[in-house]
Amino acid sequence: MKVLILYFSATENTAKMAKVIEGRFAEMGVEVTMSNMTSYTNRQEKIDLAPYDAVVFGAPVHARRAPKVVREWLRTLNGQGKKCSMFFTYGGFGVHPTHYSTREILEEQHFRVVSSAEFLGAHTFNLGGWRALGDRPNELDFKVAKDYVELTCKRFTGEDDRILGELEKTEYTEEQLDSAETSRFKVVTQLPTRGGEECSMCMACEELCPTPV
Ligand SMILES: Cc1cc2nc3c(=O)[nH]c(=O)nc-3n(C[C@H](O)[C@H](O)[C@H](O)COP(=O)(O)O)c2cc1C
């Protein structure tokens, strides 16, 4: 079986989990390829899914959904009916409805979502002085990630023919979530932010080049 892992990670939490997930797939005899989709350039490249049996998507939670740039990029893919799985990292302030909304996008793009997972990670805003979950992900998270791979592998091969069950629907409209995505950060003044219309505040710039502006 050939599996492609595609992940977005501005401050490395999702990348750490992706590496553990990749390692466990490989240990299980799966031919696994991994691509980091964090940069704009990589997200512009056309991805050929034909060689792969299944895809794993990894992303952080930004304002209760996958980051805007990730959602936009997912909408450019054609899943061709392939099985996929999702995993997310988040800073302990709430995940819902990330699983639900990302699954909706993936299904619209013709993927079949068989499983999903979430892991705690140091909050990105720690870069601006927060102190939320600085020690995560840790060894216990890695263990859960390995269990997640084992379950997902069985669903990819069909040994377990279940797919991801029903998820709790969100009471928020897309408009409300869009508004939370932009407005809530205006009050978080201690953040290092470079702003701009297209900025999704993923903080990759702060991580890579932490010069105050
Ligand atoms: C713009 C932005 C919004 C975020 N919103 C949430 C959120 O709604 N809930 C939460 O628990 N964590 C939130 N976080 C924290 C990240 O989900 C968490 O730190 C994640 O592990 C970062 O992943 P990365 O290191 O791969 O970029 C947010 C981070 C950023 C930058």
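Throughout, numbering of the chain's residues begins at 1 and tracks the sequence. Predicted model only: the values in this text are computed from it and were never measured. Counting starts at 1 for both ligands and their atoms, in listed order.
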- Item | Closest to atom 21 (O) of ligand 1 among Leu127, Leu133, Thr89 (heavy-atom distance) | Thr89
- Note on the structure: Between Arg65 and the options Glu174, His96, His99, the side-chain hydrogen bond (donor to acceptor under 3.5 Å, both in side chains) test singles out Glu174
- Task: Determine whether the side chain, the backbone, both or neither of Ala63 has a heavy atom under 4.0 Å from any heavy atom of ligand 1.
- Result: backbone
- Any side-chain donor paired with an acceptor under 3.5 Å for Thr98 and Tyr90? no
- Item | Neighbour count above 12 (heavy atom, 6.0 Å) for Glu31 CD | no
- Should you measure from each heavy atom of Gly92, which atoms of ligand 1 turn up under 4.0 Å away? 11 (O)
- Query: Mind checking whether Ala15 has an N or O less than 3.5 Å away from an N or O of ligand 1?
  - Reply: no
- Message: Check whether Glu45 reaches the backbone of Asn42 with its side chain - one donor and one acceptor, N or O, closer than 3.5 Å.
- Response: no
- Short question: side chain of Lys83, backbone of Arg155 - any donor-acceptor pair under 3.5 Å? yes
- Task: Return a yes/no value for Thr124: is any of its N or O atoms, backbone included, closer than 3.5 angstrom to an N or O of ligand 1?
- Result: yes
- Message: Please check: side-chain N/O of Arg24 versus main-chain N/O of Val149, any donor-acceptor pairing under 3.5 Å?
- Response: no
- Query: Short N/O distance, under 3.5 Å, between Ala10 and ligand 1?
  - Reply: yes
- Note on the structure: For His123, the ligand 1 atoms with a heavy-atom partner under 4.0 Å come out as 12 (N), 13 (C), 14 (N), 15 (C), 19 (O), 28 (C), 29 (C)
- Message: Please report whether ligand 1 has a polar contact with Gly91, defined as an N or O pair separated by less than 3.5 Å (distance criterion only).
- Response: yes
- Test item, Phe88 contacting ligand 1 (heavy atom, 4.0 angstrom): no
- Looking at ligand 1, does any of its N/O atoms fall within less than 3.5 Å of an N/O of Phe125? no
- Nearest-option assignment for atom 19 (O) of ligand 1, heavy atoms, candidates Pro60, Ala122, Gly121, Ala18: Ala122
- Message: With a 6.0 Å cut-off (strictly less than), is the heavy-atom count around NZ of Lys154, excluding the residue itself, greater than 12?
- Response: no
- May I ask which of Gly58, Gly94, Ala66 has a heavy atom nearer to atom 7 (C) of ligand 1 than the others do? Gly94
- Any side-chain donor-acceptor pair under 3.5 Å between Ser9 and Thr38? no
